[in-house]
Amino acid sequence: TIRSLMCAPLLVDSEFLGLIQLDTRNNTQLFTADDLEVLTAVSAQAALAIKQAQLLVQLRTANTALTHEIAQRQKAEAELQATFHQTGRVLETVPSILIVLDVQNTVIWWNMAAEQTLGMAANDIIGHPLQACATLWEIPALRQSLAIYATKKEKVTLEDFSIQASDGAKRILGLTIHPMSIHGASDHVLLYGTDITQRKQLELQLTQAQKLEAIGQLAAGIAHEIN
């Protein structure tokens with residue numbers, strides 16, 4: 001039979017962590033108020049030790065999770081970077097002009113076709129606003145189209161977009177302004193330009209040939225009436 005018993009709570013900042021209980025069946029060694037005071041002091045120290053141990057476990061768990069998250073993020077970034085470079089190599093072979101702008105109209109991509117047609121190396125224009133390329137920016141139609149795109153955030157197409165190429169020749173482009181998403185951000189812009197100069201020249205030649213044919217038929221008809 002228990003003859004004497006005393007308890008002390010394990011408390012840290014009013015947080016209850018447990019209880020320490022001591023009891024005895026010895027009638028000659030009953031607990032006193034001094035014993036309870038000692039137990040209370042011991043329980044306070046024990047509560048702090050337990051709380052620190054809990055915090056240490058939580059910290060280690062959080063650190064392990066953070067280390068895993070960082071590793072996963074680094075892996076994803078490496079894969080994304082590899083994909084970006086691979087995509088870049090593919091885009092460099094595209095014969096059409098490909099220009100990517102950020103939300104501030106700063107050039108972040110300028111492919112080889114843009115270099116050859118517009119006479120500016122990628123290293124000289126990337127990181128700078130599109131205004132730095134006078135060949136494009138001095139054309140009012142482009143500025144107006146970019147303004148329309150900025151308002152509507154919809155694809156804008158420019159037909160018969162004429163520029164003065166780096167070789168001095170006049171080029172006619174079919175230019176389209178597309179919305180573009182990069183790394184989850186959908187506020188980028190793709191300028192896609194196709195050189196349609198040869199097609200336009202062929203269309204003009206065809207139109208001239210049709211006119212000549214019509215004139216020839218008309219002349220033949222007149223000659224037949226005269227005869």
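- In this structure, OG in S162 is found 11.5 Å from CZ in R171, a value given to the nearest 0.5 Å.
- Under the 4.5 Å side-chain criterion, counting only non-hydrogen atoms from C-beta, Q52 is not in contact with L56.
- Counting only heavy atoms from C-beta outward, the side chains of L66 and T64 never approach each other to under 4.5 Å.
- Other residues, nucleotides and ligands contribute over 12 non-hydrogen atoms within 6.0 Å of the CG atom of N27.
- Taking all atoms of both residues into account, the shortest heavy-atom contact from F31 to D23 is CE1-CA, 3.7 Å.
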Subject >> Pair V100-M180, side-chain contact (heavy atoms from CB on, under 4.5 Å): steps then yes or no >> reply: CA-CA 8 Å; V100 180; M180 187 176 186; 3.8 Å; yes
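- Residues L101 and V107 form a side-chain contact, since some pair of their non-hydrogen atoms from C-beta on lies under 4.5 Å apart.
- At least one donor-acceptor pair under 3.5 Å links the side chain of N111 to the backbone N or O of L98.
- In terms of heavy atoms, V12 sits closest to A47 at CG2-O, 3.5 Å.
- Clustering ILVMFWY residues whenever any of their side-chain heavy atoms sit less than 4.5 angstrom apart, transitively, puts Y192 in a cluster other than the one holding I172.
- Of the N and O atoms on the side chains of T32 and D34, not one donor lies less than 3.5 Å from an acceptor on the other residue.
- Criterion: ILVMFWY side-chain heavy atoms under 4.5 Å apart, direct or through other members. Under it, L48 and I20 are part of a common hydrophobic cluster.
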**OP:** Let me see the working for I99 and L118 under side-chain contact (heavy atoms from CB on, under 4.5 Å), right down to the final yes or no.
**Re:** CA-CA 11 Å; I99 301 171; L118 303 174; 4.1 Å; yes
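- Between Y149 and V189, the closest side-chain pair of non-hydrogen atoms falls below 4.5 Å.
- Neither side chain, T24 nor N26, offers a donor N or O lying under 3.5 Å from an acceptor on the other.
- Of all heavy-atom pairs spanning H188 and I108, the tightest one is CD2-CD1, 3.4 Å.
- Counting non-hydrogen atoms of neighbouring residues, nucleotides and ligands closer than 6.0 angstrom, the CD atom of Q54 exceeds 12 such neighbours.
- In terms of modelled atom types and a separation under 3.5 Å, the side chain of T176 and the main chain of T157 share no donor-acceptor contact.
- Side-chain atoms of E115 come within 3.5 Å of backbone N or O of A122 as a donor-acceptor pair.
- Atom NZ of K155 has 12 or fewer heavy atoms from other residues, nucleotides or ligands within 6.0 Å.
- Closest approach of P9 and S43 over heavy atoms only: O-OG, 3.4 Å.
- Proximity of R3 to Q29: side-chain heavy atoms (C-beta onward) are nowhere separated by under 4.5 Å.
- With a 4.5 Å cut-off on side-chain heavy atoms, T197 and L173 do not count as touching.
- Note that the CD1 atom of I126 and the CE atom of M120 stand 10.5 Å from one another [nearest 0.5 Å].
- For the pair P179 and E154, the minimum side-chain heavy-atom distance is 4.5 Å or more.
- Atom CD of Q198 sits in a sparse spot, with 12 or fewer heavy atoms from other residues, nucleotides or ligands closer than 6.0 Å.
- Hydrophobic clustering, with ILVMFWY side chains joined whenever heavy atoms are under 4.5 angstrom apart, keeps L175 apart from I196.
- Annotation: side chain of I177 is in contact with side chain of L146 (closest heavy-atom distance under 4.5 Å).
- Contact between L10 and A46 at its shortest, heavy atoms only, is CD2-CB, 3.9 Å.
- Side-chain N or O atoms of W110 include none that pairs as donor or acceptor with a backbone N or O of I97 at under 3.5 Å.
- In this structure, CG on L130 lies 10.5 Å from CZ on R143, to the nearest 0.5 angstrom.
- The hydrophobic cluster containing L22 also contains L17, counting ILVMFWY residues as joined when their side-chain heavy atoms lie under 4.5 angstrom apart, directly or transitively.
- What you find for S145 and V156 is that their closest heavy atoms are CB-CG1, 3.9 Å.
- Residues L11 and M6 fall into different hydrophobic clusters, defined by Ile, Leu, Val, Met, Phe, Trp and Tyr side chains chained together at heavy-atom separations under 4.5 Å.
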